[in-house]
Peer 1: 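Structure incoming, see below.
Every value quoted in this text rests on a predicted model; they were computed, and no experiment measured them. Below, chains carry the letters A, B, ... as their sequence lines are ordered, and counting in each starts from 1.
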Amino acid sequence: TPTCEPETPLCCRRDHYVDFQDLGWRDWILQPEGYQLNYCSGQCPSHLAGSPGIAASFHSAVFSLLKANNPWPLGTSCCVPTARRPLSLLYLNRDGNVVKADVPDMVVEACGCS
Amino acid sequence: QETRSVCPSCGGPTLAPQAERALVLELAKQQILEGLHLTGRPRITNPPPQAALSRALQRLQQGSVASTKGEEVISFATTTDSSTSTCSSMLTFHLSTPRSHQLSHARLWLHVLPTLPGTLHLKIFRWGTRRRHRGSGTFLAEHHIPSPGWHALTLPSSGLRGEESRVLRLQLDCSPLEGNSTAAGQAQRLLDTEGNQRPFLELKTRPNEQGAGRVRRR
């Protein structure tokens with residue numbers, strides 16, 4: 001997936017690094033110091049519809065060609081996450097205990113057109 | 001909002017960078033609290049001492065396992081009242097295991113002082129916190145401790161489940177192993193129950209199967 005540049009109109013991944021210091025949460029989140037809050041943004045014209053970003057395959061390429069040559073678009077397609085990974089957090093809970101939790105699907109790694 | 005550029009997704013005007021940054025930080029807060037199943041950021045009233053915390057994390061780093069679906073918890077003994085004997089103590093822990101999780105692994109980490117004269121025989125009881133159970137202890141485990149230093153004592157996780165109370169009390173009853181007369185007369189403390197070497201519980205929880213099944217069916 002291309003990372004979004006200001007002039008990128010097509011479906012891409014917009015990266016934002018969030019430092020827990022900026023949230024004022026460094027007193028209870030011990031590790032890590034921050035995380036990537038990425039999200040997907042951009043247009044999905046018909047010839048890109050169903051193209052799963054980095055997970056593209058020969059099948060999806062042919063499928064895209066068929067769609068691009070089809071004069072009747074199959075309805076709208078959205079720019080959505082196609083690959084995500086978990087985030088491990090070490091934090092203090094309300095009892096002052098240290099908790100290590102793995103939060104699933106926390107970081108968007110790739111975007112694609114639905 | 002800047003009118004000159006257009007949002008590539010929705011066609012609306014894009015946000016000014018500061019406004020976008022503020023929105024991203026708000027989104028991050030929501031995403032993290034949801035991911036940790038918290039309604040708000042915890043208010044820490046009694047954080048553990050930094051030295052005790054980093055020592056405990058170092059210990060666990062050695063035996064750390066691959067990331068699990070559940071959670072790993074370190075809970076430090078908050079108050080201990082050492083009875084008159086050399087090393088029997090009552091340890092109190094504050095635990096709040098979310099209902100959707102159940103305890104799958106428990107170890108009590110103790111630091112035995114160098115004053116240990118030989119092998120120590122330690123029994124661990126769970127002390128009731130409910131009025132009707134107060135004053136009665138449920139036997140959990142017994143261990144022989146041959147040397148001073150840190151020791152991780154396995155506890156039966158089944159013995160720690162159950163009570164709704166968030167307070168867990170463990171009674172340590174220890175005595176020098178038979179035949180070791182020198183220790184009996186000694187009055188030194190044998191267990192380090194305060195300061196940076198205070199005892200802590202290492203717990204592992206995993207999502208409740210039946211709960212997870214229900215989510216899957218839905």
Peer 1: For residues Asp95(A) and Phe93(B), determine if any side-chain heavy atom of one lies less than 4.5 Å from a side-chain heavy atom of the other.
Peer 2: no
Peer 1: Given that the side chain runs from C-beta out, which part of Leu87(A) has a heavy atom under 4.5 Å from chain B: side chain, backbone, both or neither?
Peer 2: neither
Peer 1: Can you tell me how far the CG atom of Asn97(A) sits from the CD1 atom of Ile74(B), to the nearest 0.5 Å?
Peer 2: 9.5 Å
Peer 1: Which one of Leu27(B), Leu33(B), Leu201(B) has the most heavy-atom pairs closer than 4.5 Å to chain A?
Peer 2: Leu33(B)
Peer 1: Taking salt bridge (Lys or Arg N to Asp or Glu O under 4.0 Å) as the definition, give me every residue that meets it alongside Arg41(B), ordered by chain and number, with sequence neighbours left out.
Peer 2: Asp27(A)
Peer 1: Tell me which one of Val103(A), Leu37(A), Val18(A) satisfies side-chain contact (heavy atoms from CB on, under 4.5 Å) with Gln31(B).
Peer 2: Leu37(A)
Peer 1: Would you mind reporting whether Glu34(B) and Met106(A) have side-chain heavy atoms less than 4.5 Å apart?
Peer 2: no
Peer 1: Kindly compute the distance separating CZ (Phe20(A)) from CG (Leu25(B)), expressed to the nearest 0.5 Å.
Peer 2: 11.0 Å
Peer 1: Under the 3.5 angstrom rule, does the side chain of Glu72(B) hit a backbone N or O of Val99(A) as a donor-acceptor pair?
Peer 2: no
Peer 1: Does atom CD of Glu20(B) have more than 12 heavy-atom neighbours, drawn from other residues, nucleotides or ligands, at distances under 6.0 Å?
Peer 2: yes
Peer 1: Going by heavy atoms in the side chains, are Leu38(B) and Asn93(A) under 4.5 Å from each other?
Peer 2: no
Peer 1: Taking every heavy-atom pair that is under 4.5 Å apart, which of Lys29(B), Glu26(B), His94(B) has the most such pairs with chain A?
Peer 2: Lys29(B)
Peer 1: I want to check something: taking the side chain as every heavy atom from C-beta on, are Val73(B) and Lys100(A) in contact at a cut-off of under 4.5 Å?
Peer 2: no
Peer 1: Rounded to the nearest 0.5 Å, how far does OH of Tyr35(A) lie from CD1 of Ile32(B)?
Peer 2: 4.5 Å
Peer 1: Show me the donor-acceptor pairs within less than 3.5 Å that the side chains of residues 42-51 of chain B make with the rest of the protein, sequence neighbours left out.
Peer 2:
none

